[in-house]
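Notes to accompany the following structure.
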Amino acid sequence: MLSKILIANRGEIAVRVIRACRELGITSVAVYSDLDRDSLHVRLADEAYALGGLTAAESYLDTEKILDIIERSGADGVHPGYGFFSENTDFARAITARGVTFIGPPPEAIEVMGDKVSSRIAAQEAGVAGVPGTTEFLTSADGVVAFGEEHGWPVAIKAAYGGGGRGMRVVPSADQAAEALESAQSEALKGFGRSECYVERYLTWPRHIEMQVFADTQGNAVWVGERDCSAQRRHQKLIEESPAPLFPDEVRQAMGEAAVKVTKACGYVNAGTVEFLYQDDEFYFLEMNTRLQVEHPVTELVTGLDLVAEQIRVASGEPLSFAQDDIVRRGHAIEVRINAEDPAGGKFLPSPGPILKLRVPQGYGVRWDGGYEAGDEVSQYYDNLVGKLICWGADREVAIARTIRALEEFEIAGIATTIPADLAILRHDDFVAGQHSTKWVEDRLDLSAVGAGAIAQATDAEGDSPEPKVRRDVDVEVNGRRFGVTVWVPESQVGAVVSGGGAGAGKASPRPRRSGGASATAAGSGNVAVPMQGTIVKVLVSVGDAVEEGQTVCVLEAMKMENNIAADKTGTVQEVKVEAGQSVGSGDVVVVID
Ligand code: MV4
């Protein structure tokens, strides 16, 4: 077995791999950018090495820096996670040349599956069909028209070297072929440096169903189970589940066998995923993802397998620990990706920032794979996946109810998250009925009423990193009903809003004031207000007195403490609005200074 694994990644997937290493007795090595110096994956790993840099290119994607740390740490394996180096054959070859194991497939398999045309040909040769279409590149719109006339409209023009839907155009009829081809080619050239396109029948309401496969170095290859990832927006998956709803057993079996054929045909080893489109009881090969995927936990929850541990065993040269017939799928699992994005109005705007509060749900059938804890910051420089909530239930109905319950328990503050959109999907009749497709979120789901969820404290208006915040628990009364609320106060304003957390009776300010005012914005107005409801026990000034900023003007008893209420500016007392023994409410002005 490998004995020391460097995880060339960050966030939740680095955490996932580090945990697997710990359970297997393997030493884990984290790497981190300057921004991730104190991040969760660094805290959990056995060892951690600085990469320096802020952006991914300056840190996690810097081959020389990672190679240097592999050498210094003595790691004998590298787990790339997903993204970054996971499908980078230069990187895989560079570490292999140094005698270090790449925990992933052979570079040749990554290459075959690396572009749409060569993977389509490989699948076809293995006897697995893609959507009916051509494999020749289009030279003119005539090819599109001829195909459409023969197979029917609409057709899809796709960029051969494209990905993620870029360079794809739907052509509804012959008269739009020329324009669509031109725009697909130009987008492909801009995005991928190559303009080659081909044509396929366009499926109008497909589901995205993918099959998890696993192969070892001894020639064993199995399919583990499918995941339905149709609930996505702009090619970003939002929710994944297994088994796929309304998916007949015999189709599952056939898709699994097709996926194994593709796996064997490209000499695949380790964990992989074969993607299909599924429509009208037929499935079509789309592409193969030659990495561990974000959504692998749903397969783990229904099979009880540990796919990351299996990856490490297989990379160590061991045979698969299970045969095809050993795999038992039980119940239903749903994964919800929780991203730092504001889904308000369906816009999904990035919402990086400090996580001020994070309480994740617990209870039966609930798993949280997170990359952050409260106090950590989601940086704008990287993927904004905060973590994944994965729920298991005896059947789909239970799993949906449990996922909703868990999301309702979720407490996060400081950043907006996709949770409100996730709930809208899970509660929607179409989703519950399994009537959604890859286009459903964008075409049918109405997110106009979805709000951001409370962002307790955003960064300041200039977008600078915010001043450190201090937590204060305050009791407030709203229409006579008492509520406990938490406020996060900029450090410089501590003592202004509410005096320190209960200790130090009689002192309003636990530390010297900088502004001396009731709050930073009100500082110097001369209207001295009390910060909370209570009783005035002493008035120390009279009309006409000269007072200095910070000087106590009266004493308020509240929450069994005496609080000194200070002048917010230097001047003369114009008005004293209270007397000893009088009750006051939060925000009441007690003294006016000018
Ligand atoms: C399609 C299709 C319908 N018909 N091909 C988009 C990204 C690329 N990987 C494949 N994609 C699609 N190809 C034909 N012939 C619909 C999609 C598609 C899609 C596929 C998988 C997951 C999400 C999707 C969202 C929109 C469109």
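Counting convention: from 1, in listed order, for ligands and their atoms alike.
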Item to check | Check: F192 ring centre within less than 6.0 Å of Y161 ring centre | outcome: no
Checklist entry - Quick one: does NZ or CZ of R207 land under 6.0 Å from the six-membered ring centre of Y278, within 45 degrees of the ring axis? => result no
Item to check | Residue contacts for ligand 1, heavy atom to ligand atom, distance under 4.0 Å | outcome: V131, K158, G165, M168, E200, R201, Y202, L203, H208, Q232, H235, L277, L286, E287, T438
Checklist entry - Which of parallel (below 30°), tilted (30 to 60°) and perpendicular (above 60°) describes F322 and F214? => result perpendicular
Checklist entry - For the residue pair F431 and W440, does the interplanar ring angle fall in the parallel (under 30°), tilted (30 to 60°) or perpendicular (over 60°) class? => result tilted
Checklist entry - Any chance the side chains of H296 and R16 put a donor and an acceptor closer than 3.5 Å? => result yes
Checklist entry - Can you list the steps and then say if R402 with E397 is a salt bridge (charged side-chain N to carboxylate O under 4.0 Å, His left out)? => result CA-CA 9 Å; R402 183 165 288 153; E397 196 182 338; over 6 Å; no
